[in-house]
Amino acid sequence: MEYNHRVIEQRWQQYWKDNATYHTVIDNSRPKYYVLDMFPYPSGAGLHVGHPLGYIASDIYSRYKRLQGFNVLHPMGYDAYGLPAEQYAIQTGQHPEITTRQNIARYRSQLDKIGFCYDWDREVRTCDPRYYHWTQWAFKRMFDSWYDNTADKARPIADLESYLAEHGTEGLNAAATKKLNISAQEWNDMDPKAKSDTLMNYRLAFLANTMVNWCPKLGTVLANDEVSEGLSIRGGYPVEQRLMYQWCLRVSAYADRLLRGLDRLDWSDSLKETQRNWIGRSEGAQLNFHVADTDIDMTIFTTRADTVFGVTFMVLAPESKYVDMITTPDHRAEVDEYVAATRRKTERERMIDKKVSGVFTGAYAINPLSGKRIPIWVSDYVLAGYGTGAIMAVPAHDSRDWAFARHFDLPIIPLIEGADVSEASFDAKEGIMINSEGPELNLNGLTVKDAIARTKEFIKEKGIGDVKVNYRLRDAIFSRQRYWGEPFPVYYKDGIPTMLDDRDLPLLLPEVDKYLPTEDGQPPLGRAKNWTTPEGYPLELNTMPGFAGSSAYYLRYMDPHNDEALVSTEANNYWRQVDLYIGGTEHATGHLIYSRFWNKFLYDLGLVVEDEPFRRLVNQGMIQGRSNFVYRIKDTNTFVSHELKKDYDTTPIHVDINLVSNDILDKEAFRQWRPEFNTAEFITADDGIYRCGYAVEKMSKSMFNVVNPDDIVEKYGADTLRLYEMFLGPLQQSKPWDTNGIDGVNRFLKKLWGLFYKGDTFLPDNSEPSREALRSLHRLIKKVTADIENFSYNTSVAAFMICVNELSAMKCHSSEVLSQLLILLAPFAPHITEQLWHDLGNENTICDATWPVADDKYLVEDSVNYAVSFNGKARFNIQVSPDTPSDEVQARALADPAAARWLEGKTVVKVIVVPRKIVNIVIK
RNA sequence: GCCCGAAUGGUGGAAUGGUAGACACGAGGGACUUAAAAUCCCUUGGCCAUUACCGGCUGUGUGGGUUCGAGUCCCACUUCGGGUACCA
């Protein structure tokens, strides 16, 4: 019988489906293990070979854990809300739900062909009302919560209301948009609208006027992680800053816990570092500068409290509220113009344009330590969103301040001994302070570190400032002016935002005639008919962003059909958290922050039992495309082979990689590829071979370098695809897809088959396995077990190849050895192993087998190879038995005939014996 | 600028501080075949040596260091990836 992957794979996929082999239920008699993939957005392009990389890795781990006796939860679903379906809907009028459903069907059929062990009964889709019910429900809970900094957790908003009624804001330590000062009396006298506005300052889901990233082209706001370098991640359109009234999540309240929580997670250091940077904790001081001739105090944030004596001017962000308050009449026009000009620029323009610009406000501040009058300027190099939107400028020790001072000819006072600030600022936080003596404080002679500490102490004592920790992490903007997302469970009662009752959830996404904003600029939901509560109150027109649905999906998999709760206590107590999460690094600052926030919030409310959602996380690398190029001589239809192109003036053109094999172009196929190439001529070397150039790029249709897994499965089979993707290189590493090596893996499977079948003869028998065969097997068990734990799947595959080669060479037909080999290979290549397992006469599926344990007695070597070196150089080998004592090894090494040659006329200084490794003889 | 990570044959990549280059691809040679495909065997870092078997030198981006011994550890640098940024 020949190895026929088509028949085998189809047969067992059907069998697993019919027998619900991978259906998972709570089983208290077995330990659980939860393996999760980052669920995909079902795009119209379908899967390419890069997508399954992580899925294969997690599938291997799931099957491995299952064989080890764990009750493994391994689900899959779809992150189904998103922009592409909506953009497509705008162009075609096709409802995004239809597109999404089609794309999901395509994804599913592609995934099924690869033979994953998902429990599809647990599938979730974020756009399914039975799913987004719980997204809305969680949002409602956030609206009804505030963050108590003292208890360091979220608490019900009702607690805050009673506190305010009794104490006002006196002694309140809450995460807030801005610090309020309200007495109990004032609170109690407020009308409902004023109370609502006040509570918005504390709610974890709140409405606020904030600077948002507005993307005009997409017609919506975007969160910080959805913007990179001033362009939207989706589409790459320019983004500008705009003040808008938006729903936000108070993620910043959790900044410190998100940071501290990282220490307990088994994630890669680089990913944790990325999150640390994104959270951006910085310790410093807040300090008040009095504005001369007014009663205004301006608060600034600095990490360099030691440099206050070097402050020669102050700078406000153009958006700062202080600008309006302090600008003097004679500078008003100039300042207004500058502020307006800044506002006109997009974020990107502001970033690109690094020219120094700014205007003087006419106002002066008093340096609180030196008492000097210093001018206050406005400049766009100060950001409104960080700190207080105002800075004290220390040109001697900050390069941005230095550039500004130089440009506007402002004084520069060096504060650190030996620092030359005539050509550049001295930014390092080290040295001895000078020029830092005021009426009440003298820092001269202190180190920078001590000076910072001393100044912080001083400003605290004097009440002119406070020690303060600042975070870069912003609150998440949660409104999107789009159609294809979760509707907010919110209506407006007399202008007061109010939550729908739990009974009225889910609030279904309404139908609209078009997926565009309304004529008067409302979001698409403005087009929905009767978009009100039964009482006639208007419903919220925004929808939630993509990360809303993906923030708690791992919880829903635990109990996906529950209509009473997001997850039952029973299911949550059993499955607890994700033990292994596999996905790309691109979610480091988005999904992985939001999920942790969301989970911590639910934890605070006692709704889930674990504080962190993902215990262990592995990032798979990206599989890039390998594009091929042909080189057309300018203004002709003649193409020149890669090695000759330097002699011509050519334009590189992407060529479909399906027309190329090992970088050699199929010229005839190329001519037929596109009409304009029908008459193509080729210039090649004498061998007549046209060689293409190549480049590693993103896998995409436009570069004609997409490899569809379906084609690989059709030609080689899913088992080959799975093994090959793992064999390609370390899982965590990005690498280009290269189909060239796939034959080797396919050959390996054929060899494996050859251990069982020769023609129609079934070879396995009950013969006693040889010691060599057992050693080969147990070496494999040891290697593969260790490799799977470390995700070194590429070396596992190599180990399988070696073992199969060895077993073939020794013609091992022992079914005892062969069945163990199959169990080891089953996670990697489930179909062929299932078939052969069945052929060995097993009734159960191979998933019910038990993972073998390596027995050291087979691993003991007959002899140990010691390398003998002299002064660490030339070497020869001696063979001794494994239990030979070192003394004897040493004696044997010195007595060896080969040693005589080296030792002639030399003195042995010492001999070093490293157990089982080397004997080094130091000679003189 | 800052923070990570990487650099090993023609290629993808292996190597708890202990015989560098596992495994695979590609390439070259051979067997089988009328031929091709498939399959199998041999060779394959570079240089040198050779009548065969033995062999010699050199070699993991560069320069130093630690060590009996360094691809691996330390310092400095170069290049390439990734993340992030007027974050005060």
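Lettering of chains follows the sequences in order, A, B, ..., and the numbering in each one begins at 1. Note that these values count all heavy atoms, side chains included, but never hydrogens, waters or copies made by symmetry.
Checked for salt-bridge contact, A/R304 and A/D306 meet the test: a charged N lies under 4.0 Å from a carboxylate O.
If you check B/C87, B/U39, B/C23 against the side chain of A/M801, the one that comes closest is B/C23. Among the nucleotides B/C87, B/A22, B/G12, the one closest to any side-chain atom of A/Y386 is B/C87. Listed nucleotides B/A88, B/U84, B/G83 differ in distance to A/T274; the shortest reach to its side chain belongs to B/G83. Distances were taken from every side-chain heavy atom of A/Y381 (C-beta onward) to each of B/U84, B/A14, B/C86; the shortest belongs to B/C86. Which of B/U84, B/A88, B/C23 sits closest to the side chain of A/I802 comes down to B/C23. Checking B/C4, B/G26, B/A14 against the side-chain heavy atoms of A/T795 singles out B/A14 as nearest. Taking every side-chain heavy atom of A/N277 into account, B/C3 is the closest of B/C40, B/C87, B/C3. With B/G13, B/A24, B/C87 as the candidates, the nucleotide lying closest to the side chain of A/L383 is B/C87. Of the candidate nucleotides B/G26, B/U84, B/G13, B/G13 has the atom lying nearest to any side-chain atom of A/Q733. With B/A15, B/U39, B/C86 as the choices, the nucleotide that has an atom nearest any side-chain atom of A/R400 turns out to be B/C86.
With the nearest nucleotide of RNA chain B identified for both A/R472 and A/A798, A/A798 has the one nearer the 5' end. Between A/P736 and A/S282, the one whose closest nucleotide on RNA chain B sits nearer the 5' end is A/P736.
Ring geometry for A/F800 against A/F828 counts as perpendicular: the plane angle is over 60°, on a 0 to 90° scale with 30° as the lower cut. Using cut-offs of 30° and 60° on the angle between ring planes, the pair A/W377 and A/F404 is perpendicular.
When atom types are taken as modelled, the side chain of A/T388 and the backbone of A/T299 share a donor-acceptor pair closer than 3.5 angstrom.
A cation-pi arrangement, defined by a distance under 6.0 Å to the six-membered ring centre and an angle within 45 degrees of its axis, is absent between A/R596 and A/W278.
Under 4.0 angstrom from either OP1 or OP2 of B/A24 there lies at least one side-chain N or O belonging to A/N805.
For the pair A/Q732 CD and B/C4 P, the interatomic distance rounds to 19 Å; values are reported in whole Å. Protein atom CG of A/L316 is 18 Å distant from nucleotide atom P of B/A88, rounded to whole Å. Following rounding to the nearest Å, A/L723 (CG) and B/C23 (C1') show an atom-to-atom distance of 13 Å. Summarising the geometry, the separation between CE on A/M726 and P on B/G12 is reported as 19 Å, rounded to the nearest angstrom.
Taking the syn range as angles within 90° of 0, the glycosidic angle of B/G45 is outside it, so the base is anti.
Note on A/D787: nothing from the nucleic acid sits closer than 4.0 angstrom, heavy atoms only.
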